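First comes the structure, then the notes that go with it.
Small disclaimer: the values here were computed from a predicted structure and weren't measured.
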Amino acid sequence: MPPIITEVWNAFLVHPLINLLVLADYFVHDFGLAVVIVTVAIRLALFPVFRAQVRSSRAMQELAPAMNDIKKKHGNDRAKLQQEQMKLYKERGINPVGGCLPMVVFFPVLFAMYAAFQQVGGLSGTHALTIQDLKDHVLWPFIPAPDLPPDATVSLAAHWIPWISNLAQPDHFFFVAFGGPGYIGILPIISALLQLVASIQALPRNPAQTDDPTQRTMQSMTYYLPLITVVFFKDLAAGVFIYYITTTIFQIIQQYFVMGWGQLPRFIPPLANIPTPADKTMRARERAAIVEAEQDMEEPLAMAASGRNASGGGGRRRGRRRKR
């Protein structure tokens, strides 16, 4: 990577993140808790963005029955299908790409968190930043540095996670990965399970029946992505998984209020008997979307039928006059 890109990357994301982590660690004296605090602060700061994403996802789910009706009617006319879909989006005030915006924020922060642990902890053969390095090149003047010798490094311990002494190292605790020599630790497994819960919760409780292969592929990925997380990212720094776990828990709570349980009751049946704040709103909006779509499709048919009746009635009246 060119030096100018690295400098910009550090200046705008990595070093501010290190400042926040060091500041939180100064008060709680536990780098694991510092990661949790900074993650919650980031989620709260970006709450409007993620709220818009959740609402966009919910709105798209509510439109699914209406969209399915449009596909049945105009499935053979691709241009007309897209025109009707965009018309429906416009009428309902929905941006179909609105759900992608948080990913533009989430992944840079995730990569910046990894880079922060890489620099502070000395991963991948890099030199771990000493207290003096932090003071000279990273920390802002008003951020208190750890009370350690200048040549010491920041303690990256999480005292409430006893099997990990350094959050810059991967969590390789107990589970032998099939087909490989490495280990999969507790944190990667927890993060994958929480990702699965959040993904299933994001699916509509009563999905519209569709033959769209894209929709089926996306639903299948709901179950595959957590496995990919465990297998391919198990060697990331343990601190990155603490960030991922915390932000996923935040997402699950947020979805509970905006989207309800989703399809979780399929796997945890008692949840079906527990109402959520989103249930009443979602049912009302789904009914409104279906009624609106049916009205849009019935209007042209009614106009055409009215024209035929007027034409046929005129012909019959003329015929009766001729019989007289």
Side-chain angles (χ1 to χ4, degrees), residues 7 9-51 102 105-124 126-171 173 185-188 190-191 194 198 236-254 257:
E7 292 177 5
W9 170 249
N10 286 334
F12 283 93
L13 272 178
V14 181
H15 289 174
L17 195 54
I18 293 175
N19 276 268
L20 293 176
L21 291 171
V22 170
L23 178 62
D25 181 63
Y26 176 81
F27 290 103
V28 299
H29 305 291
D30 186 293
F31 215 82
L33 288 178
V35 174
V36 173
I37 292 172
V38 170
T39 303
V40 172
I42 291 173
R43 290 291 306 211
L44 291 175
L46 298 175
F47 182 76
V49 176
F50 285 94
R51 180 179 59 184
V105 178
F106 174 78
F107 282 110
V109 175
L110 179 65
F111 297 146
M113 183 68 72
Y114 175 78
F117 278 102
Q118 185 180 43
Q119 295 183 24
V120 176
L123 294 178
S124 304
T126 60
H127 170 69
L129 295 174
T130 63
I131 301 301
Q132 193 62 48
D133 292 332
L134 290 172
K135 291 180 179 179
D136 294 341
H137 307 294
V138 178
L139 296 183
W140 299 322
F142 56 87
I143 299 295
D147 188 15
L148 295 170
D151 59 344
T153 57
V154 177
S155 173
L156 300 181
H159 303 297
W160 47 285
I161 307 179
W163 66 90
I164 298 176
S165 59
N166 186 341
L167 292 177
Q169 301 301 320
D171 176 16
F173 181 62
I186 295 176
L187 293 180
I190 293 175
S191 67
L194 288 174
L236 289 180
V240 176
F241 280 106
I242 294 179
Y243 163 77
Y244 194 87
I245 289 171
T246 305
T247 195
T248 306
I249 292 174
F250 199 106
Q251 177 184 351
I252 291 171
I253 296 173
Q254 187 176 5
F257 285 99

- prompt: Ignoring hydrogens and geometry, is there a side-chain-to-backbone donor-acceptor pair from Thr248 to Tyr244 under 3.5 Å?
  reply: yes
- request: State the CE-CD1 distance between Met113 and Ile242, to the nearest 0.5 angstrom.
  value: 9.5 Å
query: Do side-chain atoms of Asp171 reach the backbone of Ile186 as a donor and acceptor pair under 3.5 angstrom?
result: yes
- request: Would you please test His137 and His15 for side-chain contact (heavy atoms from CB on, under 4.5 Å) and show each step?
  value: CA-CA 9 Å; His137 307 294; His15 289 174; 5.6 Å; no
task: Determine whether Asn19 and Val138 make a side-chain contact, defined as any pair of heavy atoms from C-beta on separated by less than 4.5 Å.
output: yes
query: Any sub-3.5 Å donor-acceptor pair from Asp25's side-chain atoms to Val22's backbone N or O?
result: no
- line: Distance col, row Gln132:CD vs Leu148:CG, nearest 0.5 angstrom, shows 12.5 Å
- prompt: Can you tell me how far the CG atom of Leu236 sits from the CZ atom of Phe117, to the nearest 0.5 Å?
  reply: 11.0 Å
query: Could you give the distance from CD1 (Ile190) to CZ (Phe241), rounded to the nearest 0.5 Å?
result: 11.0 Å
query: Would you say the side chain of Trp9 lies within less than 4.5 Å of the side chain of Leu13, judging by non-hydrogen atoms?
result: yes
- prompt: Do Val38 and Tyr243 touch side chain to side chain, with heavy atoms closer than 4.5 Å?
  reply: no
- line: What one should report as the nearest heavy-atom pair of Gly121 and Ala128 is C-CB, 3.9 Å
message: Walk me through whether Val14 and Gln118 qualify under side-chain contact (heavy atoms from CB on, under 4.5 Å).
response: CA-CA 10 Å; Val14 181; Gln118 185 180 43; over 6 Å; no
statement: Paired with Thr39, the side chain to side chain contact (heavy atoms under 4.5 Å, CB included) test is passed by just one of Val35, Ile37, Val36, namely Val35
field: Distance, nearest 0.5 Å, that separates NE2 of His29 from NE2 of His159
entry: 9.5 Å
- prompt: Could you walk me through whether Ile164 and Leu187 pass the side-chain contact (heavy atoms from CB on, under 4.5 Å) check?
  reply: CA-CA 10 Å; Ile164 298 176; Leu187 293 180; 3.6 Å; yes
- request: Kindly compute the distance separating CD (Gln119) from CG (Leu17), expressed to the nearest 0.5 Å.
  value: 10.5 Å
query: So which heavy atom on Ala158 is nearest to which on Gly32, and how close?
result: CB-CA, 3.8 Å
